[in-house]
Amino acid sequence: SHLLPAIMKWEKLKPPEPDDPMCCCECDIYQYGCCCDCEDLDEAFNRWLKDKPNKNGCQSQVLGTVIDNLEISMIPVLVLLPLLLWVAALHYLLGITILTTLPGLVLWYYYATHRRRRRTLFFLTLALYSLAYMYYLFITEILPRGGVSHLQVCTVTAGMILTIGFLVHTKRGPGFVTASLPETHSQIQEADKDSAHLNGSIQPAAEPQATQATLTGKWSKCPVCKIMRPPRAGHCRTCGSCVLRLDHHCVWINSCVGQRNHRSFLLTLGVFVLTSLYGIRLVLCSLCPRQHLMTALFYCPGVYSQSSTALCFTCAWYSSIVTAGLLYLLVVQVLNISFNVTEREAQLALRNKTGQSRLWGLSSVAHLSSSTSCLLTGCIFICKLYC
C-alpha cells in the first residue's frame with residue numbers, strides 16, 4: 001500500500017504517450033520518409049540484422065517500394081522526350097503524328113506507373129524538364145544563328161527565373177485548415193466585440209464585405225478531418241487535408257491551389273505563358289525570317305533541310321501545344337475570379353444543378369438574380385487578389 005502514492009506520482013510525471021504513433025512515412029519533415037514502407041522495410045532490415053535469408057520476393061518488394069517512392073519511373077520519360085522530338089524533326093508527317101499522339105502517350109504511361117499514387121512529381125518533373133530543354137535549345141541553336149539581341153535573351157531568361165520563382169512560392173502551401181483555427185477565429189470575434197463595446201459604436205460600414213462574411217459565415221465540420229473549417233474551405237482527397245478557399249488540386253505543381261497560393265499560381269501561369277509566346281516568336285523569326293509570324297508556324301520552307309532547324313521548329317510546335325493548354329487554364333481561372341467562384345464551387349454547382357455553364361463552358365456560376373452584382377463582386381475580388 002505504501003507503493004501506491006509513488007506509483008501515482010510517477011504516473012503524473014511520466015510523459016504522455018501518443019494515442020496514434022506516427023510512422024516516418026507519415027511525417028512530412030522526415031528526410032528518409034520517401035524510402036519508408038513499414039512492413040516490407042522493417043522485415044527486410046530485421047532479417048538482415050539477424051543474418052537470415054530473405055523470403056522469396058521480399059527483396060524485390062522492398063526494391064520496388066524504394067523505386068516507386070524515389071520516382072525512378074520518371075527516367076524513361078525524361079530520356080524518351082528528347083528522342084521523340086528528334087524523331088519528329090526528321091519529317092513533317094512524323095512531326096504531326098508524334099506531336100498528336102504525345103499527350104496520349106504521356107497520360108498512358110502516367111496511369112500505367114502512377115495510378116496507385118495520390119501525390120506524384122510526375123507532371124511537375126516533366127514540366128520543369130521540358131522548360132529546361134527548350135531553354136537549352138534556344139541558347140545552343142537559336143542564339144548562334146544571330147538575329148537575337150542581348151536584351152531579348154535577357155527577357156527570356158528573366159521570364160524563366162520569374163516563372164520558377166513564382167512556382168517555388170506557390171509550392172509553399174495553399175493554406176491548410178488547422179485544429180487551432182476555430183479557436184483563433186473565436187478569439188478574433190471576441191476581441192472585435194470588446195473593441196466595439198469600448199468604442200460605443202459598431203464597426204464602420206466601409207468594412208470589406210469579404211471580411212464580414214468570414215467572421216459571420218457559417219463554419220462546418222469536415223466529415224473526414226473532423227475539424228471545424230471556415231466558409232469556402234474544402235477537403236482535398238489527394239492531399240488529405242482541408243484547404244482554405246480551395247480552388248482545385250493541380251497535378252502540374254503537385255499541390256493544392258488555395259487562399260495562400262492562388263495569387264502566385266496565377267502569376268506563374270501568366271509569366272510562363274507570356275515568356276513562352278515571346279520565345280516562340282523569337283524562334284520562328286530566326287528560322288523563318290521571310291514568313292509572317294502567324295503563318296511561319298504552319299509553313300516554313302527549308303526548315304527541314306538541316307536537323308538543327310528542324311528540331312527547333314518541332315520544339316516550337318511542342319511549346320505551342322503546352323502553352324495553349326496553360327493559356328486555357330489561365331483563362332478559366334480569370335473567368336472564375338470575375339464571377340467570384342472557385343473551380344471547386346463551380347464544379348459542385350454543376351453537379352448539384354444549382355449553377356449554369358457560361359461562355360461556352362469556360363466558366364460555371366450559380367444562379368443569381370443579377371449578373372451585374374456578380375461581376376461587381378468579382379471585380380472587387382480581383383482587386384483584393386492583386387493588391
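Within a 6.0 Å sphere centred on OH of Y136, heavy atoms belonging to other residues, nucleotides or ligands number 12 at most. Environment of OH in Y92: sparse, with no more than 12 heavy atoms of neighbouring residues, nucleotides or ligands closer than 6.0 Å.
Side-chain atoms of T314 come within 3.5 Å of backbone atoms of A310 as a donor-acceptor pair (strictly under, hydrogens ignored). Side-chain N or O atoms of T309 include one that pairs as donor or acceptor with a backbone N or O of V303 at under 3.5 Å.
The disulfide (SG to SG under 2.5 Å) pairs that include a residue from residues 260-341 are C288-C300, where partners are two or more places apart or lie in different chains.
Nearest heavy atoms, T238 versus H249: CG2-NE2, 3.4 Å. When every heavy atom of T275 is checked against every heavy atom of V156, the shortest pair comes out as CG2-O, 3.8 Å. In plain terms, the two heavy atoms of S286 and G146 that are nearest each other are OG-O, 4.1 Å. Taking both residues in full, the closest heavy atoms of L244 and P230 are given as CD2-CG, 3.4 Å, listed atom of the first, atom of the second, then distance. When all heavy atoms are compared, the tightest approach of D247 to Q333 is OD2-NE2, 3.0 Å. When every heavy atom of C256 is checked against every heavy atom of C239, the shortest pair comes out as SG-SG, 3.4 Å.
I280 and L274 sit in two unconnected hydrophobic clusters of ILVMFWY residues. Membership requires side-chain heavy atoms under 4.5 Å apart, directly or through other members. Linking Ile, Leu, Val, Met, Phe, Trp and Tyr residues whenever their side-chain heavy atoms come within less than 4.5 Å leaves W219 and V224 in two separate clusters. Following chains of ILVMFWY side-chain contacts shorter than 4.5 Å, one cannot reach L282 starting from M294, and the two form parts of different hydrophobic clusters. Connection of L277 to F272 is established within a shared hydrophobic cluster, with ILVMFWY side chains joined at heavy-atom distances below 4.5 Å, either directly or through further cluster members. Residue L102 is grouped with residue L93 when hydrophobic side chains (ILVMFWY) are merged at heavy-atom distances under 4.5 angstrom, including chains of intermediate members.
Looking at heavy atoms from C-beta onward, H235 lies out of side-chain contact with L246 at the 4.5 angstrom threshold. Annotation: side chain of S255 is in contact with side chain of N261 (closest heavy-atom distance under 4.5 Å). Side-chain atoms of S320 and L297, non-hydrogen and from C-beta on, do get closer than 4.5 Å to each other. Side chains of V148 and I142 form a contact here, defined as non-hydrogen atoms less than 4.5 Å apart. Inter-residue side-chain proximity for H169 and T268 is flagged as unmet; no heavy-atom pair is nearer than 4.5 Å. Proximity of L167 to L128: side-chain heavy atoms (C-beta onward) are separated by under 4.5 Å at one or more points. With contacts defined as side-chain heavy-atom distances shorter than 4.5 Å, the pair V177/V243 does not qualify.
Ring geometry, F298 versus W317: the interplanar angle exceeds 60°, so the pair is classed perpendicular (tilted spans 30 to 60°). The aromatic rings of Y304 and F313 lie perpendicular to each other, with more than 60° between the two planes, well past the 30° mark. Between F265 and H262, the ring planes lie tilted relative to each other; the angle falls in the 30° to 60° range.
Here CD1 of I321 is found 5.0 Å from CG of L99. Values are rounded to the nearest 0.5 Å. For the atom pair CG (L311) and OH (Y318), the distance works out to 12.5 Å, reported to the nearest 0.5 Å. Considering CD1 of I337 and CZ of R263, their distance stands at 10.5 Å, rounded to 0.5 Å. Taken from CZ in R344 to SG in C236, the straight-line distance is 10.0 Å, to the nearest 0.5 Å. To the nearest 0.5 Å, atoms CG (L348) and CD (E343) are separated by 10.0 Å. Between atom CG of residue L284 and atom OG1 of residue T295 there is a gap of 9.5 Å, rounded to the nearest 0.5 Å.
Ring centroids of F123 and Y110 are separated by less than 6.0 Å, placing the two rings close together.
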- Apply side chain to side chain donor-acceptor pair (under 3.5 Å) to the pair N336 and E345, showing each step before the final yes or no. CA-CA 10 Å; N336 285 340; E345 293 170 347; over 6 Å; no

- When you look at T157 and Y135, which way does the side chain to side chain contact (heavy atoms under 4.5 Å, CB included) test go after all the steps? CA-CA 8 Å; T157 306; Y135 184 75; 2.8 Å; yes

- Query: Can you check side chain to side chain contact (heavy atoms under 4.5 Å, CB included) on L85 and M134, steps first, answer last?
  - Reply: CA-CA 11 Å; L85 292 177; M134 297 301 112; 4.0 Å; yes

- Run the numbers on L81 and L126 for side chain to side chain contact (heavy atoms under 4.5 Å, CB included), then give the verdict. CA-CA 9 Å; L81 180 60; L126 181 62; 4.0 Å; yes

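In this view, Y299 satisfies the ring pair (Phe, Tyr, Trp, His ring centres under 6.0 Å) rule with no residue, not counting sequence neighbours.
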